[in-house]
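Beneath this line is the structure, given in structure tokens, with notes to follow.
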Amino acid sequence: MVEIKVGQSYEVVIENMAHEGQGIARIEGFTVFVEGAIFGERVLARINKVTKSYAIAEAVKIIEASNYRQKPFCTYAENCGGCGLQHMSYEGQLVFKKMKVEDSLKRIGKVEAIVYDTIGMENPINYRNKAQYPIGMKNNKPVMGFFMKRTHEIVPIEYCPIQSKESNEALLAVREWVERYNISIYDEIHHKGLVRHLVTRHAIKTGEVMVVLVINGENIPKKKELIELLKLKVNGLSSVYLNINTKKTNIIMGEKNILIFGNPTITEYIGDIKFSLSPLSFFQVNPVQVKVLYDKVLEFAELKGDETVLDVYCGIGTISLYLAKKAKKVIGIEVVRDAVRDARGNAKMNGISNAEFMEGEAEKIMPELAEKGTKPDVVVVDPPRKGCEKEVLFAIAEMNPQKIIYVSCNPATLARDLGILKEKGYETQFVQPVDMFPHTHHVECVAYLNFNIS
């Protein structure tokens with residue numbers, strides 16, 4: 001067997017792609033993950049790291065290119081960690097994401113199901129409604145942008161083509177304020193300095209923009225000047241907040257928010273349902289595709305108007321309220337107190353009276369509901385990346401709903417959980433990938449399960 005060494009280059013054929021977008025090749029049976037390579041290509045790969053079971057390399061020369069290869073449309077794509085698939089055409093990205101879901105289902109969950117083609121965007125640029133820009137110092141100058149891949153080194157940017165125009169306007173305005181008034185910048189190593197992050201939210205439907213400055217303190221100098229600059233530079237500016245984060249942590253936002261200009265919330269819509277968003281509200285970052293996703297949930301649920309729906313991990317009630325107009329009753333479960341409060345407020349704001357929300361851990365509430373004999377017709381789950389706790393899955397099976405709709409942002413944990421439900425008699429009929437995050441390796445899915453009596 002060839003001894004693979006760091007620094008050496010090998011000509012390899014890319015057989016497949018890993019879940020984070022690296023090409024997969026083999027050198028005499030030894031697995032090599034190749035950054036920047038696409039399935040089907042022949043490349044010259046330089047080895048950067050070798051372990052007992054695999055090596056990591058980068059494509060230094062494309063010998064035979066894939067039909068899906070393209071030149072990145074963003075000048076920062078090579079270094080910025082925000083996008084990992086810009087070297088691949090959008091058509092190729094959608095194919096890769098379907099393959100990723102199929103591989104997870106078969107390899108992890110041992111689940112056989114129809115996987116439909118990934119639903120993509122008609123125009124996959126300027127789609128994000130939320131940005132989080134780290135702020136730091138480089139060569140004694142303030143820089144703002146995104147972290148370099150797998151580091152905390154900031155790549156300074158002027159314009160991000162997947163963020164909204166308004167978000168980019170806020171970036172330039174805050175940078176101008178920092179430079180003009182010599183504002184103190186946070187040093188994450190020594191835990192000193194003031195300004196840590198800029199967070200922007202843009203409600204696409206209403207045009208309202210929220211700007212949140214994350215600081216290591218309770219106040220900022222030149223506050224009036226910052227507000228005036230943002231008003232001048234950012235179309236649709238509705239709110240400006242200070243978010244207080246004085247902890248030595250890589251968590252971006254703290255728990256305390258101080259409104260220094262405008263309205264406490266901005267309003268966004270999914271279909272005809274409106275939602276109030278505060279600085280800490282969770283909301284899908286792609287408002288165009290989230291409607292596509294929720295329409296699939298609605299389609300799979302096939303609600304006739306007399307069903308009780310259980311929505312587990314409901315957040316601020318986005319799916320709950322989207323389904324409530326077609327169901328008899330929707331019960332949402334969520335552990336985050338502020339999210340439950342927002343969900344109730346959103347229901348009231350939309351005049352929806354057949355949705356109720358329970359606060360608590362799903363792994364505790366679900367078994368309690370099952371023990372009480374709760375029998376929903378449809379259960380919808382939309383868990384975090386780690387997937388559902390086993391207690392939740394076991395409780396769902398005990399409730400024996402006609403249908404389960406599983407919304408997932410992680411094909412690996414989706415496959416694991418579908419495998420567990422399979423053992424409880426629930427067969428996955430089909431899975432619909434939806435591209436919520438163009439030009440990244442992430443993919444969202446909706447899976448439909450029903451009980452197999454045989």
Side-chain angles (χ1 to χ4, degrees), residues 4 9-51 53-74 77-111 113-121 124 149-150 162 385 408-416 431-445 447:
I4 299 172
S9 296
Y10 302 85
E11 186 176 314
V12 296
V13 174
I14 306 302
E15 303 171 0
N16 206 331
M17 290 184 71
H19 283 201
E20 292 189 1
Q22 306 96 329
I24 300 176
R26 286 178 174 80
I27 301 173
E28 293 191 9
F30 190 75
T31 302
V32 181
F33 296 97
V34 186
E35 293 278 1
I38 300 172
F39 54 88
E41 291 188 326
R42 185 180 296 275
V43 306
L44 189 66
R46 184 175 61 221
I47 306 297
N48 294 330
K49 180 180 178 180
V50 179
T51 73
S53 55
Y54 65 90
I56 295 175
E58 62 179 312
V60 294
K61 182 180 180 181
I62 310 299
I63 299 168
E64 294 178 13
S66 164
N67 291 333
Y68 293 134
R69 180 166 288 279
Q70 68 172 15
K71 182 180 179 181
F73 57 85
C74 175
E78 185 176 346
N79 294 317
C80 177
C83 293
L85 296 180
Q86 281 200 25
H87 60 292
M88 187 184 294
S89 69
Y90 193 49
E91 178 189 3
Q93 293 178 33
L94 299 181
V95 171
F96 158 64
K97 292 179 181 186
K98 178 182 179 181
M99 290 169 55
K100 176 176 176 175
V101 174
E102 289 176 325
D103 175 71
S104 292
L105 293 179
K106 292 176 183 177
R107 185 172 51 84
I108 299 171
K110 306 295 187 287
V111 170
I114 297 169
V115 179
Y116 296 126
D117 290 342
T118 310
I119 301 175
M121 297 188 71
K149 296 170 185 174
R150 297 181 181 87
I162 69 168
R385 290 190 62 79
S408 172
C409 60
N410 186 346
T413 54
L414 168 70
R416 179 202 68 200
V431 179
Q432 175 65 74
V434 177
D435 190 23
M436 299 287 289
F437 312 98
H439 319 301
T440 78
H441 66 269
H442 298 291
V443 61
E444 199 96 1
C445 301

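The first residue in the sequence is number 1, and the count goes up from there.
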Next on the checklist: Please check: side-chain N/O of Ser89 versus main-chain N/O of Gln70, any donor-acceptor pairing under 3.5 Å?
Outcome noted: no
Item to check | Within 6.0 angstrom of Asn48 CG, more than 12 heavy atoms from elsewhere | outcome: yes
Checklist entry - Between Ile4 and Ile47, what is the shortest heavy-atom contact and its length? => result CG2-CG1, 3.8 Å
Item to check | Rounded distance (nearest 0.5 Å) linking atom CD of Glu11 with atom NZ of Lys61 | outcome: 8.5 Å
Checklist entry - Does the Arg385 side chain pair with the main chain of Cys409, one donor and one acceptor, at a distance under 3.5 Å? => result yes
Item to check | Spacing of CG belonging to Leu105 relative to CG belonging to Leu414, to within rounding of 0.5 Å | outcome: 6.0 Å
Next on the checklist: Can you give me the closest heavy-atom contact between Ala57 and Ala45, atom names plus distance?
Outcome noted: CB-CB, 4.0 Å
Item to check | Any donor-acceptor pair under 3.5 Å from Lys100 side chain to His441 backbone | outcome: yes
Next on the checklist: For a quick test of reading the model, state the closest non-hydrogen atom pair linking Asp435 to Thr118 and the distance between them.
Outcome noted: N-CG2, 3.9 Å
Next on the checklist: Quick check for you: to the nearest 0.5 Å, what is the distance between Ile38 atom CD1 and Leu85 atom CG?
Outcome noted: 8.5 Å
Checklist entry - Is the side chain of Gln432 donor-acceptor paired with the backbone N or O of Asp117 at a distance under 3.5 Å, no angle test? => result yes
Checklist entry - Does atom CD of Glu78 have more than 12 heavy-atom neighbours from other groups under 6.0 Å away? => result no
Item to check | Distance-minimising heavy-atom pair for Val43 and Ile63 | outcome: C-CD1, 3.9 Å
Item to check | Validation row: Val13, Arg42 side chains within 4.5 angstrom (heavy atoms) | outcome: yes
Item to check | Closest non-hydrogen atom pair between Thr440 and Phe437, with its separation | outcome: OG1-O, 2.9 Å
Item to check | Approximate separation, where rounding is to 0.5 Å, of Cys74 SG and Ile162 CD1 | outcome: 8.5 Å
Next on the checklist: Quick one, Val12 and Val32 - any side-chain contact, counting heavy atoms below 4.5 Å?
Outcome noted: no
Checklist outcome for this item: In this structure, CZ of Arg26 is separated from CD1 of Ile14 (nearest 0.5 Å) by 10.5 Å
Item to check | Spacing of Asn67 atom CG and Glu91 atom CD [to the nearest 0.5 Å] | outcome: 9.0 Å
Item to check | Test item: Lys97 side-chain N/O and His442 main-chain N/O as donor-acceptor pair under 3.5 Å | outcome: yes
Next on the checklist: Counting only heavy atoms not in Tyr10 (residues, nucleotides, ligands), do more than 12 fall under 6.0 Å from its OH?
Outcome noted: yes
Checklist entry - In this structure, are over 12 heavy atoms from other groups packed under 6.0 Å from Arg46 atom CZ? => result no
Item to check | Pair Arg150 + Glu20, salt bridge at N-O below 4.0 Å | outcome: yes
Checklist entry - Does the gap between the ring centers of Tyr54 and Phe33 come in under 6.0 Å? => result yes
Checklist entry - Any idea which heavy atoms bring Gln93 and Met88 closest together, and the distance? => result NE2-O, 3.1 Å
Checklist entry - Angle class for the Tyr90/His439 ring planes (parallel below 30°, perpendicular above 60°, tilted otherwise)? => result tilted
Item to check | Backbone N/O of Glu35 and side chain of Glu58: donor-acceptor pair under 3.5 Å | outcome: no
Item to check | Min side-chain heavy-atom separation Pro433-Val115 under 4.5 Å | outcome: yes
